[in-house]
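Order of appearance sets the numbers: ligands from 1, and atoms from 1 within every ligand. For reference, positions follow the sequence shown, starting with 1. The structure displayed is predicted, hence computed values, not measured ones.
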Amino acid sequence: MLGSILLIFLPALLSVSAIKGKLCTEAGGIGVNYGTRATTLPAPADVAQFLARDTIIDRVRLLDADPALLRAFADTGLAVDVTVPNGDVPRLTSPAFARRWVRENVQAPHANISRILVGNEVTTEANRTLLLSLVPAMRNLHAALSSSLQQHHRIQVSTTHSLGVLAASSPPSAGRFRDGYDMAIIKPLLRFLRATASPFMVNAYPFYALTTTTTTTTLDFALFRAVNAAGVTDDGSGLRYGNMLDAQLDAVHSAMKRLGFGDVDIVVAQTGDYNKNAIRHLGSGVGTPLMPNRTFELSIFSLFDENLKPGPVSERNFGLFRGDMTPVYDAGILAAPETVERGDQRQAHAAGRRRAAPAPARQCAIRPGGVCYEPDTAQGHAAYAMNLYFQSKGQHAFDCDFGDTGVVTTTDPSYGGCKFTVNKD
Ligand SMILES: *[C@@H]1O[C@H](CO)[C@@H](O)[C@H](O)[C@H]1NC(C)=O
Ligand SMILES: *[C@@H]1O[C@H](CO)[C@@H](O)[C@H](O)[C@H]1NC(C)=O
Ligand SMILES: *[C@@H]1O[C@H](CO)[C@@H](O)[C@H](O)[C@H]1NC(C)=O
C-alpha cells in the first residue's frame, strides 16, 4: 500500500538524488544485524547514537535480547528486533516459560522492541524437536505478549528462514517449500503470521545463489548489472527478471501462494552482498515482477566484523563498519550531509553530523583486488561464493546443491592467497 502511494511521488523526488535513501527508510526500512562477538567494539550507546544520527538505518536486529543493548537503543527512535536463540525455542512451548520470557526481556526497563524472532533458520535445521516446537513457541510468545498489561500485542512475532526452506526456486514461479515441511511446519506458521499481521522473513544472499554453470549473464544477474540487459525470463510466468534478489523473493512468494498465503508480507531479514544495489532496488518502490510497485524491508548482515564468532571465517567478515565506525565499504547507508530530511528527529542532529572518513573498500575476496578475484572468471567467482555459502551454513549437502549444479568435494581448490578451506584461527 505504502509502496504504491510513494510511487506516485517518485518522479518529483528523484530530482533530489540524496532523498532516495530516505524513501527506503520511510517505506520499506533498512535494518542491520548487530552482533557483538568481537574483541574490540565501540560501546553500545555509541553504536546506537551513530546509527541513529549518521546513517539511514532505522532498525537493528539483535542476536539475543541483551538488556545492555536494549537500553542503548531506547529513545533513539530505532526499531529493535530481538532474537530467541534456537536453544531456547523448545522451552517456549511452555506457556509459563513464554510469560516469563516476556516478563524478563520485553518488560525490561527502556526496552523498545518491535519484533521478536523465534530462532534463526530453524526450518533448515534437521532437528525434529526444534522444528516441532517452532510454531507452538511463537503462539505462546504472542499470547504472553497479548495478555501482558502494556499492550505488547503490537510487537510482532516471526522467525527467519534460509532459502534452503525451498525445494524449488527456479524459475521463480515454480517456487515451493520442501516436502513435508510445507504442511507440517510452514502452513501453520503462515497461518499464524497472517493472523498476527507479521511478516515471513528470509535470509537472501543473491550472490551465493550462483551456480557452477554461471555465465557472465548470470553473474550480472546476481550483481544487479542486468537491469538494462535482457535479464532472464521465467517461462512459467512469462515475466522477466533483471536480478537474482527479485527471483529469490518471487520464488518465496510463489511457494507461499501455493499454500494459499500469497498475501503475507515478505521481509529480507539478512542480506550480506551487494548491499548498495539491494537497498536501492528494494527501496525504490518498483517491487519484483510478481510483487510489483512495493518496497521491502531489508536488513544487512552485519554491522561489524565479528572475530570471535564461532564457525567459518567467512561468517566473521561481513561487517559494514570497523570498530572505530569508519565504513569498510560503501553500502550507501551513511546519511549524506546534503540529504533532505523532513520533520524527523534526525534533523536536530544534522549540524553536528560526523562524517566517517572514506575508507579503501575492503571488498570480499572475489571483488576486484580481493585474493580470489584472479582469474576474473564468473565460474571462479561462483565456485568461491558457493563454497563460502556451503561452509557458512554448516556443510549440509543441500546447501551445495544450487539446482543440481554443485558437488561436495574433498579436493581443496585453494590457490595462492585464495583459500577455500575454513580458517581455524
Ligand atoms: C520505539 O520503536 C518504534 C519502532 O518500533 C519507534 O517508532 C519509536 O520511536 C521508538 N520509541 C522510542 C522512545 O525510541
Ligand atoms: C535439537 O535442538 C535442541 C534445541 O536447540 C537441542 O537441545 C538438541 O540437542 C538438538 N538435537 C540434536 C539432535 O541436535
Ligand atoms: C504498477 O505501477 C505501474 C506504473 O505506474 C502500473 O502501470 C501498474 O498497473 C501497477 N501495477 C499494480 C499491480 O499496481
Quick one: do Arg61 and Asp81 make a salt bridge, cutoff under 4.0 Å? no
Per-atom filter on ligand 3: closer than 4.0 angstrom to a heavy atom of Pro292 are 13 (C)
Row check, Tyr181 ring normal vs Arg178 NZ/CZ: under 6.0 Å, within 45°: yes
Protein non-hydrogen atom below 4.0 angstrom of atom 13 (C) of ligand 2 present: no
Can you check whether Phe296 reaches Met291 side chain to side chain, under 4.5 Å on heavy atoms? yes
Are the charged groups of Asp263 and Arg194 less than 4.0 angstrom apart, N to O? yes
What do you think, any protein heavy atom under 4.0 angstrom from atom 5 (O) of ligand 2? yes
Is the closest heavy atom of Asn86 to ligand 2 under 4.0 Å? yes
For ligand 2, which atoms, with element, lie under 4.0 Å from some heavy atom of Pro90? 4 (C)
Proximity winner for atom 11 (N) of ligand 2, if only heavy atoms of Asn127, Leu130, Val89 are counted: Asn127
Looking only at side-chain N and O atoms, does Ser254 offer a donor or acceptor that is under 3.5 Å from a partner on Arg176? no
